[in-house]
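Working notes, structure below.
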Amino acid sequence: MANPRLRFAPSPTGYLHVGGARTALYNWLYARGRGGTLILRIEDTDADRSKPELTAAILEGLEWLGLDWDEGPYYQSQRLGLYRARAAELEQQGSAYPCFCPPELLREKRERAEAERRPWKYDRTCRQLSVDERARRRGEGRPSALRFRVPESGQTTFNDLVFGRVELANTEIEDFVLLRSDGQPTYHLSVVTDDLDLRVTHVVRGADHLPNTPKQVLMYRALGAPEPVFAHLPLILGPDKQRLSKRHGATAVEAYRRQGILPEALINFLALLGWTPRGGREIISLEEMIAQFDLAAVSKSNAVFDPEKLAWMNSEYLRRMPLEKLLPRVQAELEAAGLWNPVLTAAEKKRLEDSIRLLQTRARSLNDFSGSGRAFFSDDFSYSSEAREKFWKEPQLAEWLTELSRRLMDIHPFGLEQTERCLRGLAEEKGIRAGVLINAARVALTGQAVAPGLFELMITLGQQRVARRLEKAATDLRQAITGPLNEVKGTP
RNA sequence: GGCGCUAUCGUCUAGGGGUUAGGACGUCAGAUUCUCAAUCUGAAAACCCGGGUUCGAUUCCCGGUAGCGCUACCA
């Protein structure tokens, strides 16, 4: 097809969740790869459940992911006239009829059928009402919904790009409602109307819509309108194989953003949930995705969302990201944590950049910069208890660290080799393994048991700060030893 | 319940009438040593079950089972 037109049509009854994000992504990839147009449409015909702030959140989520659109957003709540016109057209040509059955009565019938374990479909009570009878009831002011007149026999078949040929006996399809008695359109009416009006050529959406598609196909045919190509996407499941929901923890795209996941990583991860690029490489650029993506290659089976793999992918992106791209993101992270200094000297800027470079090789998330990496951006950090227990065991450590601090102050230049020679020399003199000193110093400098290599870390932190922190650690160690004794003495 | 869809390692998947059934995440072991990550090497790990077609089925067909979806005057 020459210039495909696709749409992403979220309903603002919740935040943008990962399933919706993947649907948006697949639409976007297909459109971008084929010179197509992507339309954004907000399906807010359910006035009770739709909330404007949720629309805003969805838009923000899409923007954060970098998924832009060419037309819209259209709001279905502002296009009611269109739906009513389509409804009238269907009614005039006999493809739809008014139904006067009160909703309560229908509910009763349905419940009774369920209790008796009979399958229930609308019983078509109003299907063959005469013209006069309809006019009479309307004259009485009885409210009516508009129902689609489904053929009583035959099959409805369509070809789905993902699932292939799908067919359903028309006897399985009930006379569904197009227009509610309050004049509001239902989903089926509004999608078909809009997809027609917006000249949508490819309907790409979740597989939860697959069973309803025959109804829409019937509408296109009744209207004599060209049918779009359908592509239904398998669902994303939680680890228990249940449909992904709040119970599984983070489902909203926003939650991953807060967890320090990069949008690039989330996109890449989502792209792989149901689709495999040729060549087997899993970390691929957006350009490659666009070039390779094909709806026909999408998997038919549901996929379990694996947060572990996402975390891995995030660390890959973090590690590979060039500094100029990473810097603004780390800045945002540090700002949020109150660790950002807006005024930097050239030397401080260099130190900041070196710190980021050092941290990024082992970061799993953006949060690591303000979390375990805090000591690189602030003197106000604490020693993790795990680190102290693991590496601050030797009783003479305070003495050694003081000595190390002193000796390091005398080094010039303060370089990688010099600092290492200095520390190893001291270790040898004291008859201890260098590792003992290295690990203890790492805790003193970063507060962490896990951090970058010690000597790189020292260079990045700078001579003065290193000496100061070692000395402070020595002081803290001495206090930790004498402190409890004093307490004992002080207690009568 | 009815109808539909789906079924390859724990997870995401490649593959396809004859393969040592491939890769990735995760897991385990080893190398490295300065913690951790990275890296390298290695290992364990899968074709849901039963029939049929066929010289030969994981692959094709049918049935079963399981999972999911739909079954609203929600979307």
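Every chain is numbered from 1 and lettered A, B, ... according to where its sequence line falls, protein lines coming before strand lines. Just so it is clear, the values below take in all heavy atoms, side chains as well, and ignore hydrogens, waters and symmetry mates. These numbers come from a predicted model, not from an experiment.
- Using a 4.0 Å heavy-atom criterion, one finds that A:N212 contacts the bases of the nucleic acid, with or without backbone contacts as well.
- With hydrogens and angles ignored, a donor-acceptor pair under 3.5 angstrom links the side chain of A:S181 to the base of B:C73.
- Taking for each of A:T276 and A:I438 the nucleotide of RNA chain B with the nearest heavy atom, the 5'-most of the two is the partner of A:T276.
- Among the atoms of the strands shown, only primed sugar atoms or phosphate atoms (P, OP1, OP2) are found under 4.0 Å from some heavy atom of A:T45.
- Heavy atoms of A:F455 sit under 4.0 angstrom from at least one base atom.
- For B:U41, the paired base is B:A29 (Watson-Crick or G-U wobble, both distances below 3.5 Å).
- Pairing of B:C60, defined by two Watson-Crick or G-U wobble distances under 3.5 Å, is identified with B:G52.
- B:A21: no Watson-Crick or G-U partner with both key distances under 3.5 Å is found in any strand.
- Each of A:V166 and A:V436 was assigned the nucleotide of RNA chain B with the nearest heavy atom; the assignment lying further toward the 5' end belongs to A:V166.
- Side chains of A:Y220 and A:P228 form a contact here, defined as non-hydrogen atoms less than 4.5 Å apart.
- Between A:L408 and A:V466, the closest heavy-atom pair is CD1-CG1, 4.0 Å.
- In the set B:A24, B:A75, B:C36, the nucleotide with an atom closest to the side chain of A:D46 is B:A75.
- Backbone-only engagement by A:G435 is indicated by non-hydrogen atom pairs under 4.0 Å involving sugar-phosphate atoms exclusively.
- Taking every side-chain heavy atom of A:S11 into account, B:A75 is the closest of B:C12, B:C73, B:A75.
- With a cut-off of 3.5 Å on both pairing distances, the Watson-Crick or G-U wobble partner of B:C70 is B:G2.
- When heavy atoms are screened at a 4.0 angstrom cut-off, A:P143 is found touching no nucleic acid atom at all.
- Of the candidate nucleotides B:A7, B:A75, B:G26, B:A7 has the atom lying nearest to any side-chain atom of A:S301.
- For B:C36, there is no paired nucleotide, since no Watson-Crick or G-U wobble pair has both relevant distances below 3.5 Å.
- With hydrogens and angles left out, the side chain of A:R362 and the base of B:C36 share a donor-acceptor pair within 3.5 Å.
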